[in-house]
Asks: 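One structure is given below, represented as structure tokens, and several questions about it will come after.
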Amino acid sequence: MSNARIEYDPSVVEAKWRARWQVLRTNEPDLDHAPRPFYNLMMFPYPSAEGLHVGNLFAFTGADVFGRFKRMQGWNVFEPIGFDAFGIHSENFALRMGMHPAELIPRNIANFTRQLSGMGGMFAWDHSLSTTDPRYYKWTQWIFLQLFQRGLAYKKKGAVNWCPTDKTVLANEQVIAGACERCGSMVELRVLEQWYFRITDYAERLLRNLDDPAKMDWSASTVLAQKNWIGRSEGAEIRFRVAGRDDITIPVYTTRPDTLFGATFLVLAPEHPSVDSITSSSARASVEGYRAEVSTRDLVSRKVGDKEKSGVFVGAHVVNPATGREIPVWIADYVLMDYGTGAIMAVPGHDERDFIFAARFGLPIVRVVANEHETADTPIEVAYVDLEHGRMVNSGVFDGMVPVDAKRSITQWLEAQDHGAGSVQYRLYDWCISRQRYWGPPIPIIYCDQCGPVPVPEDQLPVLLPPIEDFRPDDSGVSPLARHAAWYHAPCPRCGGPGRRETDVSDTFLDSAWYFLRYPSTDFDDRPFDADRTRRWLPVPSYIGGNEHAVLHLLYARFITMVLHDAGLLPFEEPFRRFRAHGLIIKDGAKMSKSKGNVVNPDDYIVRWGADTLRTYLMFLGPYQEGGDFRDAGISGPRRFLDRIWELVSAAMDPDCRDAEIHRDVLIKWHQTKERVTADLESLHYNTAIAALMGLVNALREQNCSEHGVVSELVQMTAPFAPHFAEECWGRLGHAASVFDSAWPAHDDALTVSDDVTIVVQVNGKVRGNLIVARSADEAVVRRMAQQEDGVRRHLAGKTIRRTVYVPGRLVNFVVH
RNA sequence: GCUCGGGUGGCGAAAUGGGCAGACGCAGGGGACUUAAAAUCCCCGGGGGGAAACCCCAUGCGGGUUCAAAUCCCGCCCCGAGCACCA
């Protein structure tokens, strides 16, 4: 047979099947009639100029393997891909290259498309999208309007980091030690009007659903990150009366109302609105000086801990409602205006930060909790913060209680006395969505002197981003769009009078907060997502992505989905049923990044080894959900593995290999492998699935077996990892249709257990021999045989067996003294 | 500082309702084939001792529970990621 000698040439095989998939529309499911829809989602990339590196490919391949597996299990898999191409990254890169992002992005997308189809992804290209396409961002703007109409979008002043050299707003992570990460100049704090989304209204629901298995099955690490980010805490809001004033009380939020008797001063954020009215005339100069000093500091250094505490006395006192004593009021920048009420009761005895502050400024420290070795008068050396242990002291009628109980009792007492009430707070902030930049979707609002901010009517969307040449941000803090007069001036949609467009664009996280809703409906221009399509394909049964998006992207997507659900536009409130975080590829001990100079470009590997070999190698080098170490040398193993399957296929093409007899050992190994690989693919344990397939290949070679049915199923199980290769092998074996339209191999439980088992024989827990017995052998026989093993007999000689431990099918352990 | 991961051969890693530690693979050594090399195929391979049969030690470190611990418990050390004055 002549074609048995054909060598495996990946470049030929891969080009052939990529072309065939495209012609046959193999990867384009019927979105309207698919009987078993399965939406296989992965995080879409930002199309950088550098192209995909193998770290990106690792992520996409793992998701693609899962989609291909599901398809072979009979699902109609929809696996779309798109491009998250708006944002500061593209804009900054374009600025650096002296290009316009509108020119740059299509080029990058073309390169990404080439790479993504080259890796053999099962992508439904007909439904690809780019967030920069007006056909897409029209609906991003529409989503903004949905929130605006429901009162969930609002404007307020917010502090931002401002780089005076780059003349731009910086995100907190772009500020390193108070300096701009790009130019190194010191960052200033500016207060600008910003658009916000009221995500905090949804904090409780966003938190609660995380624990609802009917709605969400997510990686534990991701759930935890979201819980921490939402940061729910329970405590009380307590009102403090200002001494000598009837018109003003100051509410504080505390998680430790039980320590109220130990509150020896109050601290307000420097920006707190009551500061002006309570500051005494003698303190005014120092208060003003302190506030001015604080306001020049950037947001990051303001928030970073482990620095000297600073603050000033405002010259006023409040009354502690528990003790009736007057306590001083200070302002200090360790209290943040945007958490709780912007004011705290300081309990230096039982809070580390208050303790440091009190020690620095000589403020009194009172103990209100004591453990069993301490009394009410034991001086406090370090803040005692344990809520579970110890007893209340110096706390009037609450003395003797455990702090957790006192927390409840004192809250009740406060409510009864009308001094406050139990309260729940969240660490989560409202989502600031405005960006004073160019490369994003304009926020669809027109300001009118008569009507105020007016939403752009839906039928006038999209508000196109004008193609201006000078999109460089300037010193004004106003978006570059404001300089484009023809665009900036627009009539008020309500009264027709002169109006001005909102010049901020929206955050890229808004683009990516709904892209999964758009994919199935990219062919409709009159609606963002079609109701029938959405009902058929969503919520997403499998979403795979990086944990770097554990909080922001995934939380925002959940929030937007919830809002659209409440608006009656979606039949579900959680968009992703199952989410799994993949790991990271490490190279030379570090995460792959351009700044580290350890980026590996997959193109060279695909040319040298083939995409199928690279895919298999990436999935083999470590557990998918943990990542692994990329080393050049390792890739030859997976290639040898494919070569050996190719040889088995060549042999199996011989008619004599049909229905040939299968050695019992091979038969068992075959069924064990099917069971193992199926379970491993389901749980994303790709590295061990490949190891099992290698084991089957080794067994077939040892037994000289290339039975047609076994080799066919081996090829099927290899298909998710090496799709082009498997198609070619499948064809060579004489199967007509695509391997991806074949049914996933089933195993026979009865054939997954071997007839014989190896029993380990131990004496005092140390292995001294082993024996092979029939699985069905009974205990007495096994014990007797075990005692007669040479090594065992030697170690039992002259000793008395005190006890025998027998684990069926596993071991016998003789305990002697 | 807090939270979450993770420390197993020369290397990537397997094995956790406790039960032969190192499956599978890379690199390495030896052999076959070849005039030779590459490719391919076969064999070896944690450390120590021993001629060998065998014996001892070994899953970051120190304790503990158990007939039996990589796996469970207590106390440390190191690495990675995230959060970071959230009252």
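In what follows, chains carry the letters A, B, and so on, assigned in the order in which the sequence lines appear, proteins first and then strands, with residues in each chain numbered from 1.
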Asks: P atom, B/A87 versus B/G6: distance in rounded Å?
Replies: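 Looking at atom P only, B/A87 and B/G6 are 28 Å apart.
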Asks: Between A/Phe58 and A/Tyr624, does the ring centroid distance fall short of 6.0 Å?
Replies: yes
Asks: For the C1' atoms, the ones on B/G17 and on B/C72, what distance do you get once it is rounded to whole angstrom?
Replies: 12 Å
Asks: Give every pair of a protein N or O atom and an N or O atom of nucleotides 18-23 of chain B that lie under 3.5 Å apart, one pair per line with the distance.
Replies:
residue	atom	partner	partner atom	Å
B/G19	O2'	A/Arg810	NE	3.4
B/G19	N2	A/Gln762	OE1	3.3

Asks: At under 4.0 Å between heavy atoms, what does A/His795 touch on the DNA or RNA strands: base, sugar-phosphate, or nothing?
Replies: sugar-phosphate
Asks: Would you mind classifying the nucleic acid contact of A/Arg802 as base, sugar-phosphate or nothing, using non-hydrogen atoms under 4.0 angstrom?
Replies: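 Nothing, no nucleic acid heavy atom in range.
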Asks: Considering heavy-atom distances to RNA chain B, does A/Gly695 or A/Ser221 have its closest nucleotide positioned more toward the 5' end?
Replies: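 In this pair, the answer is A/Ser221.
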Asks: What is the distance from CG of A/Leu387 to P of B/A87, rounded to the nearest Å?
Replies: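 Between P of B/A87 and CG of A/Leu387: 12 Å.
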Asks: Pick the C1' atom in B/G22 and in B/C11, then give their distance to the nearest Å.
Replies: 13 Å
Asks: Please measure how far the C1' atom in B/G29 lies from the corresponding atom in B/G18, and state the result in whole Å.
Replies: 37 Å
Asks: Could you tell me whether A/Ala225 contacts a base, only the sugar-phosphate backbone, or nothing, with contacts defined as non-hydrogen atoms closer than 4.0 Å?
Replies: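 The residue A/Ala225 makes no contact with any strand.
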Asks: For A/Glu548 and B/A81, what is the distance between atoms CD and C1' respectively, to the nearest whole Å?
Replies: 11 Å
Asks: Could you please name the option among B/A87, B/C55, B/G25 that lies closest to any side-chain atom of A/Asn698?
Replies: B/G25
Asks: When the aromatic ring centroids of A/Phe265 and A/Phe357 are compared, is their separation below 6.0 Å?
Replies: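 Yes, close enough.
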Asks: Between B/A14 and B/G9, how many Å separate the two P atoms, rounded to a whole number?
Replies: 14 Å
Asks: Compute the ring centroids of A/Tyr605 and A/Phe630, then answer whether they are less than 6.0 Å apart.
Replies: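 Yes, ring centres under 6.0 Å apart.
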Asks: May I ask you to evaluate whether A/Thr804 reaches the phosphate of B/C67, defined as a side-chain N or O under 4.0 Å from OP1 or OP2?
Replies: no
Asks: Salt bridge check: are A/Arg232 and A/Glu234 linked by an N-O gap of less than 4.0 Å?
Replies: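 Between A/Glu234 and A/Arg232 there is a salt bridge, with a charged N closer than 4.0 Å to a carboxylate O.
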Asks: What I want to check is whether the side chains of A/Tyr686 and A/Thr61 have a donor and an acceptor closer together than 3.5 Å.
Replies: no
Asks: Please measure how far the C1' atom in B/C85 lies from the corresponding atom in B/C76, and state the result in whole Å.
Replies: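 My reading of the C1' atoms in B/C85 and B/C76 gives 29 Å.
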Asks: Using a strict cut-off of less than 4.0 Å between a Lys/Arg side-chain nitrogen and an Asp/Glu carboxylate oxygen, indicate whether A/Arg793 and A/Asp790 qualify as a salt bridge.
Replies: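 A salt bridge is present here (some side-chain N lies under 4.0 Å from a carboxylate O).
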Asks: What's the gap between B/A69 and B/C20 when it is taken at their C1' atoms, as a whole Å value?
Replies: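 One C1' to the other, the span is 14 Å.
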Asks: Any protein N or O atoms within reach of nucleotides 39-44 of chain B? Criterion: under 3.5 Å, listing atom names and distances.
Replies:
residue	atom	partner	partner atom	Å
B/C41	OP1	A/Arg644	NE	3.2
B/C41	OP1	A/Arg644	NH2	3.3
B/C41	OP1	A/Arg701	NH2	3.0
B/C41	OP2	A/Arg644	NH2	3.4

Asks: Given side chains that start at C-beta, do those of A/Arg639 and A/Tyr8 come closer than 4.5 Å, heavy atoms only?
Replies: yes
Asks: Tell me whether the OP1 or OP2 atom of B/A87 has a side-chain N or O from A/Tyr253 closer than 4.0 Å.
Replies: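 For A/Tyr253, the contact criterion (side-chain N or O under 4.0 Å from OP1 or OP2 of B/A87) is not met.
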Asks: Taking the six-membered ring for Trp and the single ring otherwise, decide whether the centroids of A/Phe361 and A/Trp330 are under 6.0 Å apart.
Replies: yes
Asks: Taking A/Asp612 for its side chain and A/Pro10 for its backbone only, find out whether a donor-acceptor pair lies under 3.5 Å.
Replies: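 No, because the side chain of A/Asp612 does not come within donor-acceptor range (under 3.5 Å) of the backbone of A/Pro10.
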Asks: Please give, in whole Å, the distance from B/A87 P to A/Asp354 CG?
Replies: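 Going from CG in A/Asp354 over to P in B/A87 covers 12 Å.
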Asks: Out of the candidates A/Tyr202, A/Trp431, A/Trp229, only one should pair with A/Tyr556 under the ring pair (Phe, Tyr, Trp, His ring centres under 6.0 Å) rule; please name it.
Replies: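 Checked A/Tyr202, A/Trp431, A/Trp229 against A/Tyr556; only one passes ring pair (Phe, Tyr, Trp, His ring centres under 6.0 Å): A/Trp431.
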Asks: Taking the P atom in each of B/C41 and B/C24, what is the distance between them to the nearest angstrom?
Replies: 15 Å
Asks: Could you give the NE2-to-P distance, from A/His685 to B/A13, as a whole number of Å?
Replies: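 Spelled out: NE2 on A/His685 to P on B/A13 is 14 Å.
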Asks: Check whether the side chains of A/Thr758 and A/Asn770 place a donor and an acceptor atom closer than 3.5 Å, and report yes or no.
Replies: no
Asks: Return the value, rounded to whole Å, for the distance between atom CZ of A/Phe814 and atom C1' of B/C67.
Replies: 12 Å
Asks: Assess whether a salt bridge exists between A/Asp217 and A/Arg580, defined as any Lys/Arg side-chain N lying under 4.0 Å from an Asp/Glu carboxylate O.
Replies: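 Counted as a salt bridge, because a side-chain N and a carboxylate O are separated by less than 4.0 Å.
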Asks: Rounded to the nearest angstrom, tell me the gap between atom CG in A/Leu618 and atom C1' in B/G12.
Replies: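 Taking atom C1' of B/G12 as the reference, CG of A/Leu618 is at 13 Å.
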Asks: Testing A/Ile250, A/Val318, A/Val252 one by one against A/Met345 for a side chain to side chain contact (heavy atoms under 4.5 Å, CB included), which residue passes?
Replies: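 Of the listed options, the one satisfying the test is A/Val252.
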Asks: Of A/Arg631 and A/Glu626, whose closest RNA chain B nucleotide lies nearer the 5' terminus?
Replies: A/Glu626
Asks: Given B/A84, B/G25, B/A87, identify the nucleotide with an atom nearest to the side chain of A/Arg427.
Replies: B/A84
Asks: Atom NZ of A/Lys799 and atom P of B/C67: how far apart are they, to the nearest Å?
Replies: 18 Å
Asks: Students often get this wrong, so: under 4.0 angstrom with heavy atoms, is A/Arg639 touching a base, only sugar-phosphate, or nothing?
Replies: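 No contact.
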Asks: Dot-bracket for RNA chain B: what is it, with Watson-Crick or G-U pairs under 3.5 Å, [ ] where a pair crosses earlier ones, and | for a pair to another strand?
Replies: (((((((..(((......[....))).(((((.......))))).((((....))))..(((((..]....))))))))))))....
Asks: Respond yes when some side-chain nitrogen or oxygen of A/Lys227 is under 4.0 Å from OP1 or OP2 of B/G82, and no when none is.
Replies: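 The answer is no; no side-chain N or O of A/Lys227 sits under 4.0 Å from OP1 or OP2.
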Asks: Test A/Leu428 against A/Leu555 for side chain to side chain contact (heavy atoms under 4.5 Å, CB included), laying out the working first.
Replies: CA-CA 11 Å; A/Leu428 183 70; A/Leu555 197 66; 3.8 Å; yes
Asks: Syn or anti for B/G82, with syn set at within 90° of 0?
Replies: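 For B/G82, whose glycosidic angle is more than 90° from 0, the conformation is anti.
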Asks: What is the distance, to the nearest angstrom, from the CG atom on A/Leu224 to the C1' atom on B/C2?
Replies: 12 Å
